[in-house]
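The sequence lines fix the lettering, A, B, ..., with proteins before strands; numbering per chain opens at 1. All values derive from a computational prediction rather than experimental measurement. The basis for the numbers below is simple: all heavy atoms, side chains too, and nothing from hydrogens, waters or symmetry mates.
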Amino acid sequence: MPPRRDRLTREELAGVSLDLAPALLGAVLVHDGVEGRVAARLTEVEAYMGGDDPGSHAFGGRTARTTVMFGPAGHLYVYFTYGMHWCANVVCGPAGAASAVLLRGGEVVAGHEVARRRRPTARRDVELGRGPARLATALGIARDENGADLCAASGRLWLERGDPVAPDAVRTGPRVGVAGAGGDATAFPWRFWLEGEPTVSTYRPGTSRRRRGAGGETL
DNA sequence: AAAACGATACACT
DNA sequence: GTGTATCGTTTTT
């Protein structure tokens, strides 16, 4: 019987800032759903540094959507994007800071069958949680989990301390897909991943989708 | 209109 | 096998 893993505490998460965002690497997010339990070891995360970060949803102040980000640490901020995907963040830092860490990739370490049912297009296990929306889907995270408290004594979502990661296995780079204001939102190396992990999403430069109807229109 | 993305189709190696 | 481009879909501002 493996030793019971303890959970990351709200105090710890409140202390997570830029320097400590990689502290979430190696941690294991667990979801107990009606379909069963799925657990994923985080291999890739990305920091969003509050209302002054032009790449953050919190930029420009609190809205209905970003209310959870402005609350205390240890809650899940779940957002919907591109008309079909849900992505999950862990709110970090002191209450009101509106900082959060986007969970971009993880290795499913328990509940493969359930995860595979939710992600039928995954051809191999590594595809179950490679990418933020894929990871959320594999874990059964969607609208209902927005605001979920990861540090509550009883809850169906929590964050377990993983095995320590070797410091020199942590890599950093620019954030993915963040257009930001003036493009400088990608200037900061606020993406963190574990070198050599196949569940780390492949880097894609920000929004290169061709603009439609920018100028003349029709045609 | 753009968006913190994923699936697919196609080209190429 | 890899890389690149296109499109789906709807919330949010």
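- Pairs engaging residues 83-96 of chain A under the side-chain hydrogen bond (donor to acceptor under 3.5 Å, both in side chains) rule: none recorded [sequence neighbours left out].
- The main-chain N or O of A/Asp53 is never found under 3.5 Å from a side-chain atom of A/Ser56 such that the two would form a donor-acceptor pair.
- One hydrophobic cluster, built from ILVMFWY side chains closer than 4.5 Å, cannot hold both A/Val30 and A/Leu150; they sit in different ones.
- Distance check on atom P: B/dA2 versus C/dT6 gives 16 Å, rounded to whole Å.
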Distances for protein N/O vs nucleotides 10-13 of chain C N/O pairs under 3.5 angstrom?
| residue | atom | partner | partner atom | Å |
| --- | --- | --- | --- | --- |
| C/dT13 | OP1 | A/Thr63 | OG1 | 2.4 |

Using a cut-off of under 3.5 Å, enumerate the N/O to N/O pairs linking the protein to nucleotides 11-13 of chain B.
none

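- In terms of the side-chain contact (heavy atoms from CB on, under 4.5 Å) criterion, residue partners of A/Thr67 (sequence neighbours excluded) are, by chain and number, A/Arg62.
- Applying the side-chain hydrogen bond (donor to acceptor under 3.5 Å, both in side chains) criterion to A/Arg161, with sequence neighbours excluded, gives A/Asp6, A/Glu12.
- Comment: A/Asp125 does not engage A/Arg119 in a salt bridge, judged by the lack of any side-chain N to carboxylate O separation of less than 4.0 angstrom.
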Report, one line per pair, each donor and acceptor closer than 3.5 Å where one atom sits in a side chain of residues 126-141 of chain A; sequence neighbours left out.
| residue | atom | partner | partner atom | Å |
| --- | --- | --- | --- | --- |
| A/Glu127 | OE1 | A/Arg123 | N | 2.8 |
| A/Arg134 | NH1 | A/Arg130 | O | 2.9 |
| A/Thr137 | OG1 | A/Ala133 | O | 2.8 |

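- Contacts classified as side-chain hydrogen bond (donor to acceptor under 3.5 Å, both in side chains) and involving residues 23-33 of chain A (residues at least two apart or in different chains) are given here: A/Asp32-A/Arg37.
- Proximity of residues 121-135 of chain A to DNA chain C (heavy atom under 4.0 angstrom from any strand atom) is not detected for any residue.
- A/Glu11 meets the salt bridge (charged side-chain N to carboxylate O under 4.0 Å, His left out) test with no other residue; sequence neighbours excluded.
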List the atom pairs, with distances to 0.1 Å, where a side-chain N or O of residues 38-46 of chain A and a protein N or O form a donor-acceptor pair under 3.5 Å, not counting sequence neighbours.
| residue | atom | partner | partner atom | Å |
| --- | --- | --- | --- | --- |
| A/Arg41 | NH1 | A/Glu107 | OE1 | 3.1 |
| A/Arg41 | NH1 | A/Glu197 | OE2 | 3.2 |
| A/Arg41 | NH2 | A/Glu197 | OE2 | 3.3 |
| A/Thr43 | OG1 | A/Gly105 | O | 3.3 |
| A/Thr43 | OG1 | A/Thr199 | OG1 | 2.9 |
| A/Glu44 | OE1 | A/Ser201 | N | 2.7 |
| A/Glu44 | OE1 | A/Ser201 | OG | 2.9 |
| A/Glu44 | OE2 | A/Arg104 | NE | 3.0 |
| A/Glu44 | OE2 | A/Arg191 | NE | 2.7 |
| A/Glu44 | OE2 | A/Arg191 | NH2 | 3.0 |
| A/Glu44 | OE2 | A/Ser201 | OG | 2.9 |
| A/Glu46 | OE1 | A/Tyr48 | OH | 2.8 |
| A/Glu46 | OE2 | A/Val176 | N | 3.0 |

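- Formation of a donor-acceptor pair under 3.5 Å by the A/Arg116 side chain with backbone atoms of A/Ala122 is found in this model.
- Within the 4.5 Å cutoff, the side chain of A/Val68 has no heavy atoms near those of the A/Leu76 side chain.
- One can place CZ of A/Arg118 at 17 Å from P of B/dG6, the figure rounded to the nearest angstrom.
- When the P atom of C/dC7 is taken as reference, atom NE2 of A/His85 falls 16 Å away, rounded to whole Å.
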Strand DNA chain C in bracket notation, Watson-Crick/G-U under 3.5 Å with | for pairs to another chain: ||||||||.|||.

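- A/Phe192 places its CZ atom 15 Å from the C1' atom of B/dA4, with the value rounded to the nearest Å.
- Annotation: side-chain contact (heavy atoms from CB on, under 4.5 Å) contacts of A/Asp149 (sequence neighbours excluded): A/Arg10, A/His75, A/Cys151, A/Ala152.
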